[in-house]
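Handing you this structure, nothing more for now.
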Amino acid sequence: MKFSKAYEPDQYEPEIYALWEKSGAFKPTENKNAENYTIVMPPPNANGNLHIGHGLTIALEDILTRYHRLKGDNTWYIPGADHAGFETWVVYERKLESEGKTRFDYGRDELYDQVWNFVHEQRGNMELQLRALGASCDWDSLTFTLDQKVVDTVYNTFEKLWKQGLIYRGVKLVNFCTKHQTAFADIEVTHKDEKGKLWQIAYPLVKPKDGIEEIIVSTTRPETLLGDTAVAVNPEDNRYKNIIGQKVKLPLTDREIEIIADEHADPEYGTGVVKITPAHDPNDYEVGERHNLDMITVIGFDGKMTAEAGANYEGLTTADARQKVLSDLETQGLLRGEEPIVHSVGHCYKCDTVIEPLLKEQWFVNVEPLARDAINALEANRIKFHPDNKKRVLINYLKNLKDWNISRQIPWGIPIPAFVNVDDPTDWIFDKRVDQTEIEKGGKTYRRDEDTFDTWFSSGQWPYITTSDRKQHYPTSVMETGADLLFQWVGRMIMLGLYNTGEVPFKDVYMHGMVLDEKGQKMSKSKGNVINPIEIVAQYGSDALRLGLIASRSAGVNQAFSSSKVIASRNLCNKLWNISRLIQDMVDKAEKPNGEAEATSNGEDWICREINKTNKEIQKLLAKYRFAEAGDAIYDLIWNKYADWFLEGEKLWKNIPLLKTTLEQILIMLHPFAPFVTETIWQTLSWTEGMCITQKWPSELKFSATKAAKFEELMIIVTNIRSHFQSLPGASSYPVAFYDDKLVYDNQLLIQHYTKAPGIPEIKPEDANGLHLAIAGHPNIYLEIPADIHAKYKANLEERILSLGKEIDVLETRLRNPNYVKKAPKELVDETKQQLETKQHLLEDMKAEFELV
RNA sequence: GGGCGGUUAGCUCAGUUGGCUAGAGCGUAUCUUUGACGUAGAUAAGGUCAGAGGUUCGAAUCCUCUACCGCCCACCA
């Protein structure tokens with residue numbers, strides 16, 4: 001390969017990825033003396049496309065992976081693919097719908113096979129996209145969430161929980177989507193504020209007491225009245241105290257229900273009287289349990305009124321039933337008013353259907369013991385969180401966690417291995433023969449439960465399932481995922497990990513925030529503001545996307561996508577490409593291109609020092625997951641130090657061995673962040689061997705601290721001269737005269753090269769004239785400028801004297817403060833003194849100059 | 001109702017044991033047809049670190065309060 005003028009990522013990226021993959025570089029090494037480093041990828045939807053959030057996920061995880069691989073750890077990045085139970089099901093059901101079919105046209109096994117085929121036809125896209133993002137994961141270890149080993153582990157866990165009595169079947173109020181015909185966990189329900197009405201309805205007392213003939217309840221859902229089994233008032237509410245225990249006649253029915261006392265009724269709200277419908281409201285359900293009330297189901301799973309609602313209402317939708325109930329009450333004179341209110345209503349997060357709380361028999365996990373262990377582990381700091389505050393948030397959540405409904409009524413998932421006796425609905429057994437709808441056991445016939453597991457029940461076991469072939473990699477090193485998955489995923493992995501293995505599933509948790517659109521809005525298909533990572537890769541390159549995504553981003557915080565950062569990153573790749581092109585050119589032209597890399601000039605010592613510094617900094621920052629700062633550090637090194645100063649100077653010196661070594665070090669250090677361009681360069685350079693991905697992390701370069709410091713002085717001189725050249729009228733360059741200055745004397749050529757001054761003449765002190773440069777430590781440097789320009793310069797000098805005076809005041813005030821001198825660290829005080837001294841000298845020089853001009 | 005973030009340059013944001021002159025990218029201004037790069041180089045302008053109070057020799061950073069923006073959880077008859 002040869003270096004073209006500009007780096008064009010799309011020409012190299014696919015080949016480079018193939019090179020890595022074929023070479024086996026993604027496989028974990030098994031070096032006994034090395035540490036194990038393991039990251040499990042949050043499995044993306046097997047048949048979906050990656051979104052920008054995946055871009056960030058992969059960038060962060062792959063930086064860690066590549067860094068630890070370079071450091072020599074046995075590094076294992078485990079990819080996954082998610083069957084995405086409900087998500088995929090929704091997509092498939094839509095497909096059925098478009099074909100004029102419904103799920104009820106098929107049996108469960110048939111549907112399962114259909115979706116399986118559907119997913120496998122679509123599959124592979126996501127995996128290609130992961131490759132485009134550069135994920136250096138071990139593809140042979142890819143685990144699909146329906147793989148046999150997943151199912152086996154999930155069944156073992158279920159059986160263990162079952163045997164220990166932590167699994168129970170219960171009738172509870174569940175969040176039910178009548179369109180998708182499935183229940184949801186509380187966390188999966190989206191609440192939205194909506195305008196509604198609060199109706200007042202009179203319930204007549206059966207036997208009027210103390211002049212009270214009726215009580216008025218407030219409700220937003222009149223249709224549920226048909227399922228009322230009590231009316232509640234607050235026990236402290238004096239208005240109703242003496243009618244507690246009385247009966248009221250439930251309108252539109254022939255039932256009589258009791259007035260009960262319960263804290264749930266808020267005397268401040270509405271009339272202070274609440275109708276209780278245990279079968280259709282979570283709070284009422286709790287009241288019902290406390291008071292042992294009947295639970296009458298008046299709304300069915302189809303979203304229509306049941307027979308129990310009465311012949312007048314049976315078969316109506318809830319909306320129609322509401323209208324009818326209202327008009328019937330109106331007719332009977334029991335409707336006493338309505339007022340508009342805003343209240344929050346639960347919706348299905350996929351189809352937006354209003355969630356009905358319905359009574360349903362489901363499998364539940366008793367989470368109390370699991371949560372307790374998880375809380376203990378968290379409080380004992382066995383897992384470190386980034387950002388730290390997420391840990392407390394999680395503990396808080398776990399403390400209030402309710403039992404976990406793990407049944408879902410969708411065919412696409414892991415079947416629940418439970419069977420019920422056909423003759424006894426309370427006789428459930430655990431059995432793994434889920435491929436049969438009916439089994440025989442002990443002379444009895446059992447029918448399979450048609451439900452599948454909640455996705456999080458299986459993915460909550462992900463870390464130990466995926467590492468089962470290399471058990472030394474469990475617990476994993478870090479779980480990196482989106483902050484939105486703290487409860488549903490991270491929390492469950494910790495609970496189930498501890499339960500099953502006794503160990504925490506990972507040592508660190510790093511949670512990234514959401515990637516918002518450029519205006520800071522949440523991305524969504526409906527808003528049309530979605531950014532496709534693969535398009536960015538095509539346009540700017542995979543490395544540019546990564547660097548751009550991690551730039552200026554800190555843990556746990558939602559941040560806007562910034563295309564300017566992506567462009568800046570693309571430019572960095574191009575810069576590095578051209579740096580390499582220049583060095584390759586120098587190598588090609590060199591007479592003796594080989595030899596020991598050694599710093600032989602101030603600038604070389606300086607760059608060695610800076611490379612070492614950046615090397616240490618990157619290590620320190622990555623250990624703390626401070627990706628953005630690590631990226632900044634390497635960016636600054638490459639662009640502002642290596643290219644602008646060191647390489648510019650090397651155009652004169654051409655220390656080929658050092659150029660080669662320093663370039664290699666930079667390529668390796670940047671490789672985790674920008675794998676493609678660094679590898680492409682590595683493969684293109686004439687002298688490098690092997691692959692960048694499998695190099696060793698650079699060791700320290702030798703340098704002289706004194707010489708490095710000298711170069712810094714030189715930089716100040718150069719910058720000062722350049723600044724004058726720009727600001728002086730006419731904006732041209734002038735000879736730089738000096739006397740009695742060894743640094744300038746030794747570096748005349750270099751100064752001329754950096755400043756483009758027409759000459760650097762050494763003069764005698766008595767010949768000194770022109771513009772005197774005020775540079776601390778270098779009092780004898782002059783710009784030889786014409787007299788008229790010199791005069792104009794005076795005003796500028798005056799300003800600078802004033803501002804320097806202010807700086808000196810600040811330092812003096814600080815030193816005059818006895819507490820500062822007493823309490824601040826000595827080094828700091830000494831440093832301040834030193835600064836003051838140099839500035840005072842400088843001021844004297846400038847004042848003297850001012851007199852002269 | 002409970003909790004968590006955020007408020008720093010025109011824009012998007014960094015800034016973690018409190019300590020040099022508060023940084024980056026983009027944008028802006030001026031200059032540069034330097035044979036690595038114009039996806040470039042050089043120089044520069046631009047900040048009462050949301051507001052008020054406190055702790056400290058010293059606060060963008062720690063504490064208290066306030067305002068505004070965003071998110072999460074619970075509840076909403």
Side-chain angles (χ1 to χ4, degrees), chain A residues 3 5-7 186-187 191 193 198-199 217-221 224 232 264-266 269-277 281-284 341-345 387-390 392-393 396-397 400 483-484 486-487 513-514 516 518-520 522 540 548 551-554 556-586 624 626 628-629 631-632 635-636 643-644 647-648 651 719 722-727 731-732 753-756 807 810-811 814 817-825 827-829 831-832 835:
Chain A
F3 284 104
K5 195 171 173 193
Y7 175 60
D186 293 342
I187 206 164
H191 288 272
D193 277 346
L198 191 62
W199 284 277
V217 303
S218 308
T219 181
T220 52
R221 298 202 61 189
T224 62
H264 169 59
D266 176 0
Y269 193 95
T271 55
V273 185
V274 198
K275 61 194 263 322
I276 302 296
T277 323
D281 180 279
N283 285 310
D284 292 4
I341 58 156
V342 173
H343 60 151
S344 111
V345 179
D388 192 43
N389 68 306
K390 297 284 176 199
R392 281 198 336 268
V393 177
N396 213 25
Y397 170 79
N400 299 307
D484 50 331
L486 179 64
F487 300 149
M514 237 184 297
L516 307 173
E518 297 224 50
K519 290 177 196 144
K522 216 166 155 174
Y540 298 106
S552 288
R553 195 174 286 276
S554 50
V557 182
N558 295 349
Q559 263 156 240
F561 175 82
S562 162
S563 54
S564 69
K565 293 273 184 189
V566 173
I567 292 171
S569 307
R570 186 268 317 259
N571 294 354
L572 175 72
C573 296
N574 187 59
K575 186 82 182 174
L576 186 64
W577 179 260
N578 278 290
I579 288 170
S580 309
R581 182 152 82 111
L582 174 63
I583 293 176
Q584 180 65 60
D585 191 50
M586 289 176 176
K624 294 194 281 182
R626 303 182 73 80
E629 285 161 81
D632 269 357
Y635 181 102
D636 182 55
D644 290 346
L647 211 50
E648 211 42 62
K651 285 177 181 169
T719 309
R722 282 169 171 172
S723 177
H724 277 98
F725 285 174
Q726 284 282 328
S727 61
S732 53
H753 179 72
Y754 280 131
T755 61
K756 304 285 175 276
E807 286 173 34
V810 169
L811 293 176
R814 196 179 297 168
N817 181 341
N819 284 321
Y820 174 71
V821 181
K822 223 189 299 169
K823 292 186 183 173
E827 315 87 77
L828 202 65
V829 178
E831 211 179 309
T832 313
Q835 275 173 9

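In what follows, chains carry the letters A, B, and so on, assigned in the order in which the sequence lines appear, proteins first and then strands, with residues in each chain numbered from 1. The model shown is predicted, which means the values in this text are computed figures rather than measured ones.
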Sub-4.5 Å side-chain heavy-atom contact between A:R722 and A:Y754: yes
Those residues that, when tested against A:F561, pass ring pair (Phe, Tyr, Trp, His ring centres under 6.0 Å) (two or more places apart): none
Rounded distance in Å - CE (A:M586) to P (B:rG35): 14 Å
Gap between atoms OH and P, on A:Y635 and B:rG23 respectively (whole Å): 17 Å
side-chain contact (heavy atoms from CB on, under 4.5 Å) against A:I567, all qualifying residues, sequence neighbours excluded: A:Y540, A:R570, A:N571
Contacts of A:K651 that satisfy salt bridge (Lys or Arg N to Asp or Glu O under 4.0 Å) - sequence neighbours left out: A:E648
Interatomic distance where NZ belongs to A:K522 and C1' belongs to B:rC71 [whole Å]: 8 Å
B:rG19 versus B:rA60 - spacing of their C1' atoms, nearest Å: 13 Å
Sugar-phosphate, base or nothing in reach of A:A551, heavy atoms under 4.0 Å: nothing
Rounded distance in Å - CD (A:Q559) to P (B:rG25): 17 Å
Consecutive-pair stems (at least three Watson-Crick or G-U pairs, under 3.5 Å) that include RNA chain B: B:1-7 with B:67-73, B:10-13 with B:23-26, B:28-32 with B:40-44, B:50-54 with B:62-66
Nucleotide B:rC72, atom P - distance to CG of A:D186 in whole Å: 16 Å
5′-ward residue of the pair A:I579/A:A232 relative to RNA chain B: A:I579
Touch class at under 4.0 angstrom, heavy-atom based, for A:L198 against every strand present: sugar-phosphate
Whole-Å P distance, B:rC75 and B:rU12: 36 Å
Non-neighbouring partners of A:Y635 that pass side-chain contact (heavy atoms from CB on, under 4.5 Å), sequence neighbours left out: A:L572, A:W639
Rounded C1' spacing from B:rG47 to B:rG23 in Å: 11 Å
Sugar-phosphate only, base, or nothing, as touched by A:T832 at under 4.0 Å among non-hydrogen atoms: nothing
Sugar-phosphate only, base, or nothing, as touched by A:A483 at under 4.0 Å among non-hydrogen atoms: nothing
Aromatic ring pairing A:Y397/A:F487, orientation class (parallel under 30°, perpendicular over 60°, tilted between): parallel
Close side-chain approach of A:D284 and A:H264, heavy atoms under 4.5 Å: yes
Whole-Å distance separating the NE2 atom of A:H264 from the P atom of B:rA74: 17 Å
Flag for A:S563-A:E518: side-chain donor and acceptor within less than 3.5 Å: yes
pair A:S554-A:R626: side-chain heavy atoms closer than 4.5 Å: no
Sub-4.5 Å side-chain heavy-atom contact between A:T220 and A:H343: yes
Touch class at under 4.0 angstrom, heavy-atom based, for A:A560 against every strand present: sugar-phosphate
Rounded distance (Å) that lies between atom P of B:rU34 and atom CG of A:L582: 15 Å
Which residues share a salt bridge (Lys or Arg N to Asp or Glu O under 4.0 Å) with A:K275, sequence neighbours left out: A:D228
A:R581-A:N578 side chain donor-acceptor pair, cut-off 3.5 Å: yes
Qualifying residues under side-chain contact (heavy atoms from CB on, under 4.5 Å), relative to A:D585, sequence neighbours excluded: A:K589
Could you go through nucleotides 37-40 of chain B and list every protein N or O atom that sits under 3.5 Å from one of its N or O atoms, giving the distance for each pair?
{"unit_1": "B:rC37", "atom_1": "O4'", "unit_2": "A:N578", "atom_2": "OD1", "d": "3.1"}
{"unit_1": "B:rC37", "atom_1": "O4'", "unit_2": "A:N578", "atom_2": "ND2", "d": "3.4"}
{"unit_1": "B:rC37", "atom_1": "O2'", "unit_2": "A:N574", "atom_2": "ND2", "d": "3.1"}
{"unit_1": "B:rC37", "atom_1": "O2", "unit_2": "A:K575", "atom_2": "NZ", "d": "3.0"}
{"unit_1": "B:rC37", "atom_1": "N3", "unit_2": "A:K575", "atom_2": "NZ", "d": "3.0"}
{"unit_1": "B:rU39", "atom_1": "O4'", "unit_2": "A:N571", "atom_2": "OD1", "d": "3.4"}
{"unit_1": "B:rU39", "atom_1": "O2'", "unit_2": "A:N574", "atom_2": "ND2", "d": "3.3"}
{"unit_1": "B:rU39", "atom_1": "O2", "unit_2": "A:R570", "atom_2": "NE", "d": "3.2"}
{"unit_1": "B:rU39", "atom_1": "O2", "unit_2": "A:N571", "atom_2": "OD1", "d": "3.2"}
{"unit_1": "B:rA40", "atom_1": "OP1", "unit_2": "A:N571", "atom_2": "ND2", "d": "2.9"}
{"unit_1": "B:rA40", "atom_1": "O3'", "unit_2": "A:K575", "atom_2": "NZ", "d": "3.1"}

Nearest-angstrom distance, C1' atom, B:rU21 to B:rU17: 23 Å
Validation row: A:V393, A:L486 side chains within 4.5 angstrom (heavy atoms): yes
N/O donor-acceptor pair, side chain A:K756 with base B:rA42, under 3.5 angstrom: no
Sugar-phosphate, base or nothing in reach of A:K565, heavy atoms under 4.0 Å: base
All salt bridge (Lys or Arg N to Asp or Glu O under 4.0 Å) counterparts of A:D636, not counting sequence neighbours: A:K641
Nearest-Å distance for atom pair NE2/C1', residues A:H724 and B:rC31: 16 Å
Per-nucleotide protein contact string for nucleotides 15-20 of chain B (B base, S sugar-phosphate only, - none; heavy atom under 4.0 Å): SB--BB
B:rA44 OP1/OP2 closer than 4.0 Å to side-chain N/O of A:S723: yes
Contacts of A:S562 that satisfy side-chain contact (heavy atoms from CB on, under 4.5 Å) - sequence neighbours left out: A:S564, A:K565
B:rG27 and B:rA67, which share atom name C1', separated by this distance in whole Å: 30 Å
Summary of protein contacts for nucleotides 1-11 of chain B, nucleotide by nucleotide, where a base hit scores B, a sugar-phosphate-only hit scores S (4.0 Å, heavy atoms): ---SS------
P spacing across the pair B:rA59 / B:rG18, given as an integer number of angstrom: 13 Å
Touch class at under 4.0 angstrom, heavy-atom based, for A:F487 against every strand present: sugar-phosphate
